[in-house]
**Q** 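Here's a structure for you.
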There are 2 protein chains.
Amino acid sequence: MDNTFAPPLKKSRAKPAPARVTIRTVAEDAGVSVSAVSKVLRNAYGVSDGLRARVMASIEKLDYRPSASARGMRGQSYTLGVLLTDIRNVFFAEIMEGINDTLAPTPYQPLLGVSQLRRRVERSLVDAIIDRQMDGLILVAPRMPLPEIEDVAKRLPTVVIGSHPAGTSRFDTVNNDDILGGEAVVDYLNGLGLRRITFFTLTEPDDDDDENTVMMHRERGYVSAMTRLGLDVNIERAAHDTVAEAARRLVASKDRPEAIFCWGDAWALRVISAATDLGVRIPQDIRVVGYDNNQYCELAQNSLTSVDQSGRELGKQAARLLIERIEGRREPYHFTVTPSLIVRNSTGG
Amino acid sequence: MDNTFAPPLKKSRAKPAPARVTIRTVAEDAGVSVSAVSKVLRNAYGVSDGLRARVMASIEKLDYRPSASARGMRGQSYTLGVLLTDIRNVFFAEIMEGINDTLAPTPYQPLLGVSQLRRRVERSLVDAIIDRQMDGLILVAPRMPLPEIEDVAKRLPTVVIGSHPAGTSRFDTVNNDDILGGEAVVDYLNGLGLRRITFFTLTEPDDDDDENTVMMHRERGYVSAMTRLGLDVNIERAAHDTVAEAARRLVASKDRPEAIFCWGDAWALRVISAATDLGVRIPQDIRVVGYDNNQYCELAQNSLTSVDQSGRELGKQAARLLIERIEGRREPYHFTVTPSLIVRNSTGG
DNA sequence: TTGTAAGCGTTATCAG
DNA sequence: CTGATAACGCTTACAA
């Protein structure tokens, strides 16, 4: 079930053909050759100022715009694909803004594909991006298994945000230190005198190498700090569509933990919802911590303590690294941001 | 400051050239002509079952994928552009899901551009989409003035979601009835015995034709219902970056309204935040209503009464209409969904 | 029903 | 420094 081939659609109506402005039109208008125009377009060497000026004038005058399709056939398409696995996650919006920041002054245009948490869709989107001769790819929190990512990276320059592929690497990665972030949360809560801290996270599917996900790293940070402090590890798991129930159960349970550390803000907001609903007070009866520090954390009704990982910065760096790769770098580079804990009222801050 | 032309980047490294599988490769493998393969790809008339089978087999075997760039040069690129003006607005995620729903079984691939509320960026994104020979365009809550949209619609099939351009139309529109929604909120609140109802909305920039925005239509619904009921109209305006202060002022004011009807959920959540912060109780001291019924409304800490407009359905319809247009329809079609009020605790529901 | 061949708008190579 | 010209991979008359 692939989008590659055409359906039996009615034939598309012929357009009125308003005599398109091509590189040839510009060349004629400026009284130069097409290759001269092409060189000006690409800032290639060997064009005199006079020629450049004349060409630019014609381009302006005719409002000429190069065809990305035609460009893509020979050289670059100046298009970068960004694959978002979950458009509902508002944190990703910040990453996108960072990507735009870096790309704005360049000729590269980012275009997004959204895959809705479905692995097969994710893969077919990558194919769609390759089919469109994009010059590079940024994967945001991909769910594809590592070998598949490496496969993709063989075909086009790739940068991954929000995944910690071990060892490897034909591609670059950009992350915050999720292990450190996980530890920091536990240390902070323990400093408050709390001992019964539960980590609330996503049920991992029957997958082999999901060592790489950010939640898994946060979990490792949690476990390592708990162990170091001599506290009992307690992990609660739920699937995406059962978060609400799980949160409710967790909050309502007899031996309710003193604090719940959620793998992401979205889950923490659900925990707050459950507590509100059940009349369990935050932070007096239970403390809640999230991760990502998204835009909803600071609303007073949430006032959620969370780990900030500067999504905008992650996006900026990813775009920067991708351009470097497109320009020829081959050695992998792994960029890491140090997360910082933002304390708010959900932990009594 | 446009992304059209190339920068003085280092020359991109030549790739190892792993002998690309083209339509020609497939033709040779299957022992047929290229045009035969092309016909199979497009489900064109005049191909025998035998030939089709052989071609399909080769395609499968060689894992051939057509180049969208090459296709775009002659025929369609099978790519649809979706222009999101504000990726932070979670409601748009639902629209996107609807678009995906409709497009999944077709050969069209939606690709998103995000413009971050900046009008110039919005226009240059549209250009980028045109440059890439996309087959159609979906504009979500565009800020471009109407003449500009019409201009765009002349160049490629266009559908607009979340805007009410008067009269006109070389393009289709998909909306909920924002006037009706606005009225419904007022009628509901008045039915609760409330009379002092304030509408909290976006400051319109010095723009002529912003009669078209959804907030303006909601405002019209509000005004019309208030007038009909003989109540005093009260409208509070703020810019995007001053919502928090404005909300605070509104909630803290001496003659605080009995209810605040916000143009969108995001603003309503800010109002709830201000009230929470100031110790003003909801719904006892003040009632709050939003619009969009986004995923955060149902969290208990918000429990926000809101107008549902079925974003997913809007997205589905938009994609459907766009495909119809690409297939040749020229008469404009305007699709409208009837909104429904979802009552929650923020109004005592 | 199938095949041949002429573009589509660029870039890149190679002469002038 | 400038200009012909051959690709690039596909669609589409038109011929066979």
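All values below were derived from every heavy atom in this structure, side-chain atoms included, with hydrogens, water molecules and symmetry-related copies excluded. Letters go in sequence order (proteins before strands), and every chain restarts at 1.
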**Q** Taking atom C1' of dA6(C) as reference, at what distance in whole Å does atom CE of Met73(B) sit?
**A**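 Spelled out: CE on Met73(B) to C1' on dA6(C) is 13 Å.
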
**Q** Roughly how many Å is it from CD in Gln133(A) to P in dT11(C), rounded to a whole number?
**A**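 Rounded to the whole Å, the gap is 15 Å.
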
**Q** Rounded to the nearest Å, what distance is computed from the CZ atom of residue Arg24(A) to the P atom of nucleotide dG7(C)?
**A**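 That distance rounds to 11 Å.
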
**Q** Under 4.0 Å from OP1 or OP2 of dC10(D): is there any side-chain N or O of Tyr64(B) that close?
**A**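 Answer is yes, contact under 4.0 Å.
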
**Q** How close or far is atom P of dT12(D) from atom CD1 of Ile23(B), stated in whole angstroms?
**A**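 Rounded to the whole Å, the gap is 11 Å.
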
**Q** Not counting sequence neighbours, list each pair that qualifies as a salt bridge (Lys or Arg N to Asp or Glu O under 4.0 Å) and has a residue in residues 311-324 of chain B.
**A**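 Pairs touching residues 311-324 of chain B that pass the test: Glu97(B)-Arg312(B), Asp101(B)-Arg312(B), Arg320(B)-Glu324(B), Glu324(B)-Arg329(B).
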
**Q** Name all residues meeting the side-chain contact (heavy atoms from CB on, under 4.5 Å) criterion together with Met96(A); count only those two or more places apart in sequence or in a different chain, and write none if there are none.
**A**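 Applying side-chain contact (heavy atoms from CB on, under 4.5 Å) to Met96(A) gives Val82(A), Ile99(A), Asn100(A), Pro110(A), Leu112(A), Ile87(B), Val114(B).
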
**Q** What base-paired stems does DNA chain C take part in, with at least 3 consecutive Watson-Crick or G-U wobble pairs and both distances under 3.5 Å?
**A**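 When the pairs of DNA chain C are grouped into runs of at least three, the stems are C:1-16 with D:1-16.
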
**Q** In whole Å, I'd like the distance from the CD atom of Gln76(B) to the C1' atom of dC8(C).
**A**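 Whole-Å distance recorded here is 15 Å.
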
**Q** Is the phosphate of dT10(C), meaning OP1 or OP2, less than 4.0 Å from a side-chain N or O of Arg42(A)?
**A**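 No, because none of the side-chain N or O atoms of Arg42(A) sits under 4.0 Å from OP1 or OP2 of dT10(C).
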
**Q** Could you pull out all residues at least two apart from Arg74(B) that satisfy side-chain contact (heavy atoms from CB on, under 4.5 Å)?
**A**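 Partners of Arg74(B) under the side-chain contact (heavy atoms from CB on, under 4.5 Å) test: none.
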
**Q** Where do N or O atoms of nucleotides 1-3 of chain C meet protein N or O atoms at under 3.5 Å, pair by pair?
**A**
| residue | atom | partner | partner atom | Å |
| --- | --- | --- | --- | --- |
| dT2(C) | OP1 | Ser48(B) | OG | 2.8 |
| dT2(C) | OP2 | Ser48(B) | N | 2.7 |
| dT2(C) | OP2 | Ser48(B) | OG | 3.0 |
| dG3(C) | OP2 | Ser33(B) | N | 3.0 |
| dG3(C) | OP2 | Ser33(B) | OG | 3.2 |
| dG3(C) | N7 | Ser35(B) | OG | 3.0 |
| dG3(C) | O6 | Lys39(B) | NZ | 3.2 |

**Q** Using atom CG of Leu41(B) as one end and atom C1' of dG9(D) as the other, report the distance to the nearest whole Å.
**A**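 In whole Å, dG9(D) C1' lies 11 Å from Leu41(B) CG.
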
**Q** For Arg132(A), what residues pass the salt bridge (Lys or Arg N to Asp or Glu O under 4.0 Å) criterion, not counting sequence neighbours?
**A**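 Arg132(A) satisfies salt bridge (Lys or Arg N to Asp or Glu O under 4.0 Å) with no other residue.
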
**Q** Under 4.0 Å: is that the gap between some side-chain N or O of Ser38(A) and OP1 or OP2 of dT11(C)?
**A**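 Checking dT11(C) against Ser38(A), a side-chain N or O does come within under 4.0 Å of OP1 or OP2.
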
**Q** Would a 4.5 Å heavy-atom cut-off, applied to side chains only, mark Ser38(B) and Ile23(B) as touching?
**A**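 They are in contact (side-chain heavy atoms under 4.5 Å apart), so the answer is yes.
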
**Q** Rounded to the nearest Å, what distance is computed from the OH atom of residue Tyr78(A) to the P atom of nucleotide dT11(C)?
**A**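 My rounded result for the distance is 7 Å.
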
**Q** I'd like to know if the side chain of Ser67(A) pairs up with that of Gln133(B) as donor and acceptor (distance under 3.5 Å, no hydrogens or angles considered).
**A**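 On atom types as modelled, these side chains qualify, holding a pair under 3.5 Å.
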
**Q** Look at the side chain of Arg71(A) against the base of dT10(C) and say whether a donor-acceptor pair falls under 3.5 Å; ignore hydrogens and angles.
**A**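 Side chain to base: no pair below 3.5 Å.
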
**Q** Apply side-chain contact (heavy atoms from CB on, under 4.5 Å) to Ser33(A) and list each qualifying residue two or more places apart in sequence or on a separate chain.
**A**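 Checked Ser33(A) against side-chain contact (heavy atoms from CB on, under 4.5 Å); matches are Ser35(A), Ala36(A).
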
**Q** Can you list everything that forms a salt bridge (Lys or Arg N to Asp or Glu O under 4.0 Å) with Asp135(A)? Sequence neighbours excluded, please.
**A**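 For Asp135(A) there are no salt bridge (Lys or Arg N to Asp or Glu O under 4.0 Å) partners, ignoring immediate neighbours.
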
**Q** Apply side chain to side chain donor-acceptor pair (under 3.5 Å) to Thr173(B) and list each qualifying residue two or more places apart in sequence or on a separate chain.
**A**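 For Thr173(B) the side chain to side chain donor-acceptor pair (under 3.5 Å) partners, ignoring immediate neighbours, are His334(B).
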
**Q** Return the value, rounded to whole Å, for the distance between atom CZ of Arg65(A) and atom C1' of dT10(C).
**A**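 Checked: the CZ to C1' distance equals 15 Å.
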
**Q** Check whether any side-chain N or O of Arg74(A) sits under 4.0 Å from OP1 or OP2 of dA6(D), and answer yes or no.
**A**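 Negative; the distance criterion is not met.
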
